[in-house]
Amino acid sequence: MNPTPLINLLFKPRQKAISSYYCEAEHIQNKVLKRLLKDAEDTEWGKKYNYSGIGTYEQFCKNVPIQTYEEIKQYVERMRRGEKDILWPGEVKWFAKSSGTTNDKSKFIPVSKEGLKDIHYAGGRDAVALYMLANPNSKMFSGKGLILGGSHSPNYNLSSSLVGDLSAILIENVNPLVNLVRVPEKKIALLSDFEEKMEKIARSTMDQNVTNLSGVPSWMLAVIKHMLEIKGTNDLTEIWPNLEVFFHGGVAFTPYREQYKKIIPTPNMHYMETYNASEGFFGLQNDLTDSSMMLMIDYGVFYEFIPMDELDSENPNIVPLWGVEKNKNYAMVISTSCGLWRYLIGDTVRFTNTSPYKFVISGRTKHFINAFGEELMVDNAEQGLKKSCDATGAQITDYTAAPVFMDSNAKCRHQWLIEFSQMPDSLEHFSELLDSSLQQINSDYEAKRHKNITLQPLEIIVARENLFHDWLKEKGKLGGQHKVPRLSNNRDYIDELLSLNK
């Protein structure tokens, strides 16, 4: 029996509500802001910035400055020690340890009960709602979902207070009914040792009827490959014949897409991108044929955006959602029901549509290469790599890139360290294609490459097998939401990796 059509009826009201995104975005976002301000007006932060006296978005901008983590760190630390009514009403007991990069400096993002419900779990609900809408013939609930999470630990030994990966906090607090349709069991899902977790997940789920996957593409791929090795097959559909969708997020899917297609060789498999960060759940694909995501505007999140070319200016032109333009890179600023206020999240987005508001994640405010004025963003890199892989038959496991400021011949260039799961037909051809593709995609890069005056052709170094895995393991950052930094404006990451590439 397939209960999916019956369960889908429960999502119909929500599917209808999301349709209001097309024409009521400004109204919806203003309601969110008003509610957030009202809820927090009696907190220490709300009193400091006179939330009770704010009636308009313009007043909100005037009263509250833009924040980075360093500026709220002292408040978060007090919250972690059990103080109440600081950034958000009451006591916040959960803190997501943000690991957007391999930076040793951790950020602890407060996750309130309200934020857990009206941001993170709302996003999970809507992922299913929009998938059902896009795929009405789904049989997803005829089996179980494999949800790959991280781990958590006690927070300063306070009662019921946890710190760890957001995914672990979500699994720990999920409605018990959800556990009936998910694997593995909680004690396995929350293991801290990723290699032990990978082994136990593979063993405990490979004989289950798994219909859907949720997790970070890189870590999910490691689990799947281990399972395939145990089973002695290269085809995941032999293990899970009813698998139909992967809800993925955390890192760009482009480098992994062909590898997933290879091990799941069925036209019935769907891939749905989600934007669920430690700071909040922000976006979902509503059209499986369009890689851009719909901004989820009626959660406990109010959005603002800073044009990237103004990010470092003293008075940047900060705009609300209804002030954004298409095809322009913005740094995203959020105010949330977890107590983040005008918080610069560190991600950059580019809108592809404004009715509804749809976007792609274009990179990080600190992860790009602009050593020579080329302004190379992560989405440029992903597009260029895809074109090069498509043309040469290559498949990529991981990569990072950084500038070479000047070599012994006084030449400057970009250096790419790439781990291939399948080598291109010609590395020289791949390099040429990547370089030419980046010039087509990015006019600033093209200008700097003109006649090799500023930048020489890019250089590719082939990484040994498991280089990035070993690097992350050395840092104690296997699994969870840990990511390899794709682009860097300095050589800190790439030089560490090159020293291990032997």
Return all side-chain donor-acceptor pairs below 3.5 angstrom for residues 171-186, not counting sequence neighbours, or 'none' if the list is empty.
unit_1 : atom_1 : unit_2 : atom_2 : d
Glu172 : OE1    : His152 : NE2    : 2.8
Asn173 : ND2    : Ile169 : O      : 2.9
Asn175 : OD1    : Leu177 : N      : 2.8
Asn179 : OD1    : Arg182 : NH1    : 2.9
Arg182 : NH1    : Pro184 : O      : 3.4
Arg182 : NH2    : Pro184 : O      : 2.7
Lys186 : NZ     : Glu172 : O      : 3.4

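- Among all heavy-atom pairs drawn from Ile66 and Glu71, the shortest one is O-OE1, 3.7 Å.
- With sequence neighbours left out, Glu83 forms a side chain to side chain donor-acceptor pair (under 3.5 Å) with Arg78.
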| task | Tell me, with the steps shown, if Glu44 and Lys47 meet salt bridge (charged side-chain N to carboxylate O under 4.0 Å, His left out). | result | CA-CA 5 Å; Glu44 180 178 321; Lys47 291 175 181 177; over 6 Å; no
Only distances under 3.5 Å count here; give the side-chain donor-acceptor pairs of residues 314-323 to other protein atoms, sequence neighbours excluded, each with its distance to 0.1 Å.
none

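- When the side chain to side chain contact (heavy atoms under 4.5 Å, CB included) test is applied to Ser488, the partners found at least two apart in sequence or on another chain are Asn490, Tyr493.
- Applying the 6.0 Å contact sphere to NZ of Lys225 captures more than 12 heavy atoms from other residues, nucleotides or ligands.
- Less than 6.0 angstrom separates the ring centroid of Phe247 from the ring centroid of Tyr131.
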Practice task
Check the pair Glu419 / His469 against side chain to side chain donor-acceptor pair (under 3.5 Å), numbers first and verdict last.
Solution key: CA-CA 10 Å; Glu419 182 179 338; His469 176 278; over 6 Å; no
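- Evaluation of the side chain to side chain donor-acceptor pair (under 3.5 Å) rule for Tyr271 yields no partner, not counting sequence neighbours.
- Residue pairs meeting the salt bridge (Lys or Arg N to Asp or Glu O under 4.0 Å) criterion with at least one member in residues 336-353, sequence neighbours excluded, are Glu304-Arg342, Asp347-Arg364, Arg350-Asp379.
- A salt bridge links Arg486 with Asp398: the closest approach of a Lys/Arg side-chain nitrogen to an acidic carboxylate oxygen falls below 4.0 angstrom.
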